[in-house]
J.: 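Attaching a single structure in structure tokens format; questions to follow.
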Number of protein chains: 2
Amino acid sequence: MRAINRFNVLDTIRRAGSIARIEISDRTQLSTTTVSAITASLLDDGLILARTEGDLREAAARGRPRVMLELNPDAARVVGAKIAANRMVFVVTDFRGEVLSTLTLALRVDRQPIGVIADLIEDGVRRCVVDANLALDEIDSVCLGLPGVIEHRTGHVRTSPIFREAGVDFAKEMSERLGVTTIVESDAHAITLAHHWFGKARDLDDMVLVSLEQTLGLGVLHGGQLFRGAGGLSHNLGDLVLGIGPQGTVRLASLAGESAILGDQPGGGRFAEAIRLGRGMAHAKTLIDAEDISLISAAIRAGEACGTALANIVTLFAPPRVILVGSSLALGQPFLDSLREAYSLAIPPSIKGVTELVFDQSTDETWAQGAAVVALRELYESPWGTTGPAPAL
Amino acid sequence: MRAINRFNVLDTIRRAGSIARIEISDRTQLSTTTVSAITASLLDDGLILARTEGDLREAAARGRPRVMLELNPDAARVVGAKIAANRMVFVVTDFRGEVLSTLTLALRVDRQPIGVIADLIEDGVRRCVVDANLALDEIDSVCLGLPGVIEHRTGHVRTSPIFREAGVDFAKEMSERLGVTTIVESDAHAITLAHHWFGKARDLDDMVLVSLEQTLGLGVLHGGQLFRGAGGLSHNLGDLVLGIGPQGTVRLASLAGESAILGDQPGGGRFAEAIRLGRGMAHAKTLIDAEDISLISAAIRAGEACGTALANIVTLFAPPRVILVGSSLALGQPFLDSLREAYSLAIPPSIKGVTELVFDQSTDETWAQGAAVVALRELYESPWGTTGPAPAL
DNA sequence: GTTATTTAATTCGCATTCCGTTAAAAATAC
DNA sequence: GTATTTTTAACGGAATGCGAATTAAATAAC
């Protein structure tokens, strides 16, 4: 019970960034007395800090000035990582989720043995932690965001394009290697939480995010919580069936996955080289700008498929906002236009106007930051799983 | 706080049907003292009853016999209704959700003016209440389940096959007519809750239900709560796009909707007559059994479409169980077999085995009962919206 | 420069609620 | 009658939250 209120207060402080006790009491509907008690305990535990300056009310501020409270950055450190087929990005963040150090490794881990991938990740985590002038035992937890179908609760990776094997207990593996609690989560879920905390969904507790990367992922936020399937399973949009063709089922991934768009490039060419370095989409963009017919048509096909699938998702979830992220957005107009057009054709009239589409080109660092947020949330989370009653009246 | 515990205790009693205090204390993790206090207050308020007999432990029950507690049926009365294009079914239930009286009206309300439909519903409610030997002012609330896209919070019907108009504030209209709080809800949501309370999902707090009726509906239960979109919007599966054909988008409804399966039957025929009376699917079944080629192929087409769409839904929600209900199930083998086959083709291997398919042929009365459950839940619901912690260890 | 006013935060006292323990009462089996 | 089990009752302790009064810190007014 106190735990609930404590979490609500903490979360309110996080959302506001910097806030006075009175304001907390307003937003949480708790009495000033209770807020005072809880904030005192939070101060005591070193989770928050008091700052005398910074009262931003109208200039003419009579009365006792407010004491602004904010999260104590030093209360915890976590590592977040985005693991993709051709690059890894690590960040160390503080308790606020602010980045202390970044490390990008451009290397293709695609389909290598688990041990090799784990080695690389372990190395990246360690180096990034050192870059932040920290030691590993100062890190409270680690979260790895990777593509594929992942059980969050167990850290079990059912399938992932970066693993040869299916069914890997990756969280266990990495926890043991690092000696730090390690969470494994779908990259789409990570970026979803990043948007909820810092990005284009800060104002919403309900929204849907679609990630268009090598893998097509989905994140659904419902009541401030990630909506997960049975066992905390993440979704894989690429598995959606768009229709039945002559050669069996046509899945979204086969039309809009990265490899479907970029196609099989001859091994020695510049394009293939760019793909290997994770610049495939950027390179494709330049080719599209140069009017490369086959790429343009691939982009249009992909856009149409995505738009249709997106409409179906909106039909099912009816969120107030959908955020689209991922490397495929870099394809530019042909892709985006055909996506929008297919979407507006496919969206049923009965829910027209319910959902707003937002495109966002986040950097890889943001994804890694999202993974860090996943880790932070576990530290934050109230034992009840409530995000707390909405700001209310 | 006490409100939460009170709700949990009440909900535990409801789930168990009949339960002793000790058992409640076991399941809710509350002390026997607290349970005693709460049950005393519930008894006082007349929400529950004590029954001396009925201790079902092993025959050799020494010691003081348990006093079984159960919901007091007389604590409330609600009306639930299923409104379909060619029939209306009303039930009056008690506080337990048990049916006190039923009324079926076989009439085609399809596309009549709102006023006419409202008249018929009003009449049905009143008659059903009288049949239960009650007066309308003894009814605590009414819930109407109808097909279409409906905003639960406001009772605003965005679109419904039974209304000519779009955007009708039907809850308001009916509340005024009846002088009783009236809730309007999607019929699919109603049957979903019915299964959660009484049917094939009693043991689960997470599941998905797909209703294959005139309209194709969806109900998603998540953490014991209906998952609703923005504004409490219900979903309409019929709007799902299966592909892009020559004449634009192909929606599920155009392949698997009732009218798509049964086709346009000549006005005077026996089949058309059966459809008008709501026996369309049953009649179709007899024709299929008689090897009517065109119907069989329609059923197969519909089954395939449903199976594919179902796989997509499972991909997105990954529920432990999916319950399929609705009149289309009555089509029999050709439909069910092709559905199952398309489903297993389309379900991605990465989540194979996660979801169990269950078919259920509920009567219309069950649907109406589900609507009653929607009404009862509002009476029950704790102010916090928690369904309560799971039975736990 | 002192006093009044205003606003923020804390302290204090009160009420509620829950839990644990203990004890008693109730109802039945042996 | 005695033992066993469930239920109720009573007391103390602890935690929490709220309201009212109090203290704190600053500006405005005189």
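All of these numbers come straight from a predicted model, not from anything done at the bench. Residue numbers begin at 1 in each chain, while the letters A, B, ... track the order of the sequences.
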J.: Expressed as a whole number of angstroms, how long is the span from M68(A):CE to dT7(C):C1'?
T.: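 In whole Å, dT7(C) C1' and M68(A) CE are 14 Å from each other.
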J.: Give the rounded distance in Å between these two atoms: CD of E23(B) and C1' of dT7(D).
T.: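 Whole-Å distance recorded here is 15 Å.
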J.: Round to the nearest Å and state the distance from N8(A) atom CG to dT16(D) atom P.
T.: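 Taking CG of N8(A) and P of dT16(D), I get 14 Å after rounding.
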J.: N/O contacts under 3.5 Å, protein versus nucleotides 23-25 of chain D?
T.:
unit_1: dA24(D); atom_1: O4'; unit_2: R64(A); atom_2: NH1; d: 3.4
unit_1: dA25(D); atom_1: N3; unit_2: R64(A); atom_2: N; d: 3.2

J.: Just the rounded figure in Å: distance from C1' of dC18(C) to CZ of R6(B).
T.: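 One finds 16 Å between C1' of dC18(C) and CZ of R6(B), rounded.
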J.: Is there a side-chain contact between R66(A) and the phosphate of dA8(C), meaning an N or O under 4.0 Å from OP1 or OP2?
T.: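 Yes, R66(A) has a side-chain N/O under 4.0 Å of OP1/OP2 on dA8(C).
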J.: Does some side-chain heavy atom of Q369(B) sit less than 4.5 Å from a side-chain heavy atom of V99(B)?
T.: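 They are in side-chain contact.
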J.: Contacts to DNA chain D from residues 31-44 of chain A, heavy-atom cutoff under 4.0 Å, which residues?
T.: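 When residues 31-44 of chain A is checked for heavy atoms under 4.0 Å from DNA chain D, the hits, listed by number, are S31(A), T33(A), T34(A).
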J.: Is any NZ, NE, NH1 or NH2 atom of the basic residue among R77(A) and D74(A) found under 4.0 Å from an Asp or Glu carboxylate oxygen of the other?
T.: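 Answer for the salt bridge query: yes.
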J.: To the nearest 0.5 Å, what is the distance between CG (L43(B)) and CG (N72(B))?
T.: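 The distance works out to 9.5 Å.
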J.: Strictly below 4.0 Å, N to O, side chains only: are E185(B) and R377(B) in salt-bridge contact?
T.: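 No, this pair does not count.
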J.: Out of curiosity, L233(B) CG to I150(B) CD1, how far, rounded to the nearest 0.5 Å?
T.: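 These two atoms lie 9.5 Å from each other.
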J.: To the nearest Å, how far apart are I22(B) CD1 and dT6(D) C1'?
T.: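 Value for this atom pair: 6 Å.
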J.: How many Å lie between CG on L30(B) and C1' on dT17(C), as a whole number?
T.: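 These atoms are roughly 12 Å apart.
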J.: For the pair K200(B) and E356(B), find out whether any cationic side-chain nitrogen is under 4.0 Å from an anionic carboxylate oxygen.
T.: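 Answer for the salt bridge query: no.
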J.: Rounded to whole Å, please give me the gap between CD in Q29(A) and P in dG17(D).
T.: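 About 14 Å, once rounded to whole Å.
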J.: Which residues pass the side chain to side chain donor-acceptor pair (under 3.5 Å) test with T12(B), not counting sequence neighbours?
T.: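 Residues passing side chain to side chain donor-acceptor pair (under 3.5 Å) with T12(B): none at all.
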J.: Kindly say if N5(A) contacts the phosphate of dT16(D), meaning a side-chain N or O under 4.0 Å from OP1 or OP2.
T.: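 Answer no for this pair, as no side-chain N or O of N5(A) is under 4.0 Å from OP1 or OP2.
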J.: Is it the case that R14(A) places NZ or CZ above or below the six-membered ring of W197(A), under 6.0 angstrom from the centre and within 45 degrees of the axis?
T.: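 Yes, a cation-pi geometry holds between R14(A) and W197(A).
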J.: Would you kindly give the CZ-to-C1' distance between R21(B) and dA27(C), to the nearest whole Å?
T.: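 One finds 14 Å between C1' of dA27(C) and CZ of R21(B), rounded.
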J.: Evaluate side chain to side chain contact (heavy atoms under 4.5 Å, CB included) for R228(A) paired with V220(A), printing each intermediate quantity in order.
T.: CA-CA 8 Å; R228(A) 307 184 211 248; V220(A) 177; over 6 Å; no
